[in-house]
Amino acid sequence: MSEELLLEVADLKKYFPVNAGVLGRHVADVKAVDGVSFTVRKGETLGLVGESGSGKTTIGRLVLKLLPATAGTIRFEGRDISDISARQTRTLRRRMQIIFQDPYGSLNPRMTIGEIVSEPLAIHGIAKGKARMERTVELLRMVGLQSSHLNRYPNEFSGGQRQRVGIARALAVEPQFIVCDEPVSALDVSIQAQVLNLLEDLRERLGLTYLFISHDLSVVRHISTRVAVLYLGKIFEVADRAALYEHPLHPYTQALLAAIPVPNPEMQGAQKRVLLSGDVPTAMAPPSGCRFHPRCPFAFDRCSVEEPAMRDVGGGHMVACHAVENGTIR
Amino acid sequence: MALLEVRNLRTTFKTEDGTVTAVNGLSFSLDAGQTLGIVGESGSGKSVTSLSIMRLIDRPGRIESGEIFFDGRDLLKLRDEEMRHVRGHRIAMIFQDPMTSLNPVLTIGEQIAEVVRLHLGRNRREARETAIEMLRKVRIPSPEKRVDDYPHQFSGGMRQRAMIAMALSCNPQLLIADEPTTALDVTIQAQVLELMNELQRETGAAIILITHDLGVVAETCKDVLVMYGGNMVEYGSAKQIFAEPRMPYTQGLLASLPRLDAPANARLTPIPGQPPNLHRMPPGCAFAPRCAYRIERCDQVVPVTDLGGGHLARCWRCTETLVMAGAAR
C-alpha cells in the first residue's frame, strides 16, 4: 500500500434542519456529521463503524457529493472537490462510485441486468454498440455472473446475485474509489462471505480503494486495513486494524467490541462484559463535552465540560478521550 | 414429558406459481425451562415454525399436517377461543420489530395492562401496577412515569424491552422470540440478551430463540436446532453444534463467518451457490446442490441419524463429515 492519500476529509459537517410549527420555523438541527476528519490512502480499505445514528451513511453520501455538506473540505486525488459544479461532479463519478446496502431497492425492477450494468457506460459515453455489449459481459463475469443473465430482471435474482449486479454497475466506469455502504448487511450469512471475498479479489485485481461502511465489527475487521469508530457524528478512534481490535483505547470502542456475541459457547464464561447502560442520545441535542460521557464508565468532571480532541498516541493510532490523555486508560 | 412437542409439522403457502412447503415434516421437542435456538437463513422455515406453533398462519398459508403438543394438548385441535387463551398467557411471542407489534395509539402501560386484565382477570388498578412492575423488571427508568408514554416516545431498545415486559407479564411457560435483537444496535442487543437470560433464570420459562445470528445463539442457548429448506438438518447442544458440527451446512455456516476470534486476514470460506428455491426443491437433501460431500444417495430422502448424546443430523454422510471437514481444513 502506498502512502499516497486518495481522500482527505477535514472538519466535515452535515446538519439537517428541523422545522416546526405552522410557519415551519427552523427550530434545531440534527447534527448527523459534526466535524469529522479522516484520510484514505490509495489501495487501502478504511472501515467506518458505528451504530445507527452515528452518521456513517451520511459521510459516505457527502464524500460522493450525493449530499451537499454544511461545512468542511473534501479533497480527492489532491483536488478540493468541496465546491465543484454539477458538471464536474459528473466527471468525478467516473472516479468514485458507491455500492448500496439494499440490493432489492437499488436496482430498477423494470430494467434488465444488461441495461442496469451498461447504463453507466452510456451515460459517461464510455463504449457504444458492440463494444458496450462486450464490456457489459466482461463486467458480469468479473463479479461471477454469466452472459446468460443479461436479459433477466432483478426479481429473478437472489439477494447475493443482485448485490453482484450492483457491484458490476459500480465497476462499469472503472472507478478508483468505491464507497461500500453496508454491502453485505442484507445478505444471508452463507452469501455474505461470497460477496466479501469478491470485494477483496476486485480490490486486489483492480487496485481499488474502499471506504467500507458497516455496523458489523466482525465484517469490518475482516475487510479493513484501518478502522474509524463513529459515535453521534464524531470519530472517536482511528487505528490500524490490529491496533484497534487488539488494543482498543476509547471506552466506546471497548464496549462495542465486548458487546459482539462470539459464535463460540466455550468463550462466553471467560469473556469480560462491559455492558453499556442507556441508549444512544439524539443527534439533535448531543450531550455536552464528550458526547459519550453519560454512558461512559470512565467519565469524570472534565468529560461533561470539554470536548476531547483527537490525539495521536503513537503509530497513527488516534483517539479522542480525556481518560486516555490523562493515563487512566492505557 | 416435554413441554412442547412438534411432530411432523407441514406448513404450506399457496402462491401464484404453485404451492410452496415452508416447513416440511419438522419434529422437535422442548422441555420446561429449556432454551432452544433455531438457526436458519431466509426461507429456512424458522419463522413459519414459530407462527405455526402460535397458530398465526393465515391464508394463503395453511398448516397441512402434524401435531403440536403443548403441555399435553394438541394445539392444532384446540378451538379458536381456547387457543386465544394459550396465546399470550401460556405461550408469548416477541417479534423482530417492536414498532409494528405495539399499538401506536395506546400507551405502553395500557397495552401491558390489557394483556394482564384479559388473561389474569385483574382490575384496572391492579393491571396498571403489574405494568409498572414489569417495566421496572425490564429496567425501564422511572417506570411509574414511562408507563404513560406512547411507543414512539420509547427508543428501539426500550420498545423491545417493553415487548418483553408484555410477553412475560402473564408468566408464560414458553416464550418464543423471533429475531428479538436483529433491529437493535450491538450495545443495545447486549443489554436485551442479558435481560432475557436473567428473566429466564428468574421465571423458569422455556425459550425458543429464532435467529440468523450464530453469535447470539452461542451466548444464550443451551441447545440449537439448525434449519435449512424447511426442515431440521441438525440438532444438538450448543457445544456439539459449534465444536463438532456434522451437517455440512452447519459446518459451512460456521466457516463462512468473519469472526473476532479468528486471524484477521484469514480468507472466508463461503458456501457456494444460492439458498434453495422453495418452488424447486431437490428430491433428497435440500443442501445437496451446494454440498462438497454430495454423493448419489443424497438425492434420496434423508433420515435423521442419532449420533449419540442428543446430537441429531439429517445427512447420509454425517458419521464421516467431521473427519472430512478436518482434512479439508
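So you know, we letter chains A, B, ... as the sequences are listed, proteins then strands, and number each from 1.
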Test log, rule side-chain hydrogen bond (donor to acceptor under 3.5 Å, both in side chains), inputs Thr35(B) and Gln200(B)
CA-CA 9 Å; Thr35(B) 43; Gln200(B) 203 263 340; 5.2 Å; no
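Side-chain contact between Arg259(B) and Pro263(A) is present, with heavy atoms from C-beta onward closer than 4.5 Å. Two residues are said to be in side-chain contact when any heavy atoms from C-beta on lie closer than 4.5 Å; Arg146(B) and Phe154(B) meet this criterion.
Of all non-hydrogen atoms in Pro289(B) and Ala286(B), the two that sit nearest each other are CD-O, 3.5 Å.
Within residues 140-150 of chain A, no residue has any heavy atom less than 4.5 Å from a heavy atom of chain B. Using a 4.5 Å heavy-atom cut-off against chain B, the contacting residues of residues 205-223 of chain A are His215(A), Leu217(A), Ser218(A), Val219(A), Arg221(A), His222(A).
With values rounded to the nearest 0.5 angstrom, Gln163(A) atom CD is found 11.0 Å from Gln192(A) atom CD. Interatomic distance, OH of Tyr252(A) versus CG of Leu276(A), reported as 7.5 Å (0.5 Å rounding). Atom CD of residue Gln160(B) and atom CG of residue Leu102(B) lie 8.5 Å apart, to the nearest 0.5 angstrom. To the nearest 0.5 Å, atom CD1 of residue Ile38(B) and atom CG of residue Asp178(B) are 9.0 Å apart. The CD1 atom of Ile108(B) lies 7.5 Å from the CD1 atom of Ile140(B); values are rounded to the nearest 0.5 Å.
With a threshold of 4.5 angstrom between heavy atoms, Leu196(A) approaches chain B through side-chain atoms but not through N, CA, C or O. In this structure, chain A has a heavy atom under 4.5 Å from the backbone of Pro263(B), while its side chain stays farther away. Looking at Ala243(B), neither its backbone nor its side chain comes within 4.5 Å of chain A, counting heavy atoms on both sides. Proximity to chain A (any heavy atom under 4.5 Å) is shown, for Thr187(B), by both the backbone and the side chain.
Although no hydrogens or angles enter the test, the distance criterion places no donor-acceptor pair under 3.5 Å between the side chain of Thr253(A) and the main chain of Leu249(A).
Residue-environment remark: CE (Met284(A)) stays at or below the threshold of 12 foreign heavy atoms within 6.0 Å.
Ranking Arg139(B), His212(B), Met158(B), Gln191(B) against chain A, the residue ahead of the rest is Gln191(B), based on heavy-atom pairs under 4.5 Å. Of all the listed residues (Ser158(A), Ser190(A), Gly160(A)), the one sharing the greatest number of non-hydrogen pairs under 4.5 Å with chain B is Ser190(A). Of the listed residues (Leu256(A), Val189(A), Thr282(A)), the one with the most heavy-atom contacts under 4.5 Å to chain B is Val189(A). When Leu214(B), Leu184(B), Val186(B), Leu257(B) are compared by the number of non-hydrogen pairs under 4.5 Å with chain A, Val186(B) comes out ahead. Counting heavy-atom pairs closer than 4.5 Å to chain A, the top-ranked of the candidates Ser256(B), Gly43(B), Pro275(B) is Ser256(B).
Between the side chains of Thr225(A) and Arg41(A), not a single donor N or O lies within less than 3.5 Å of an accepting N or O.
Classification of the His152(B)-Tyr150(B) ring pair by plane angle, with boundaries at 30° and 60°, yields parallel.
Electrostatic pairing of Arg267(B) and Asp201(A) counts as a salt bridge here, judged by a charged N lying under 4.0 Å from a carboxylate O.
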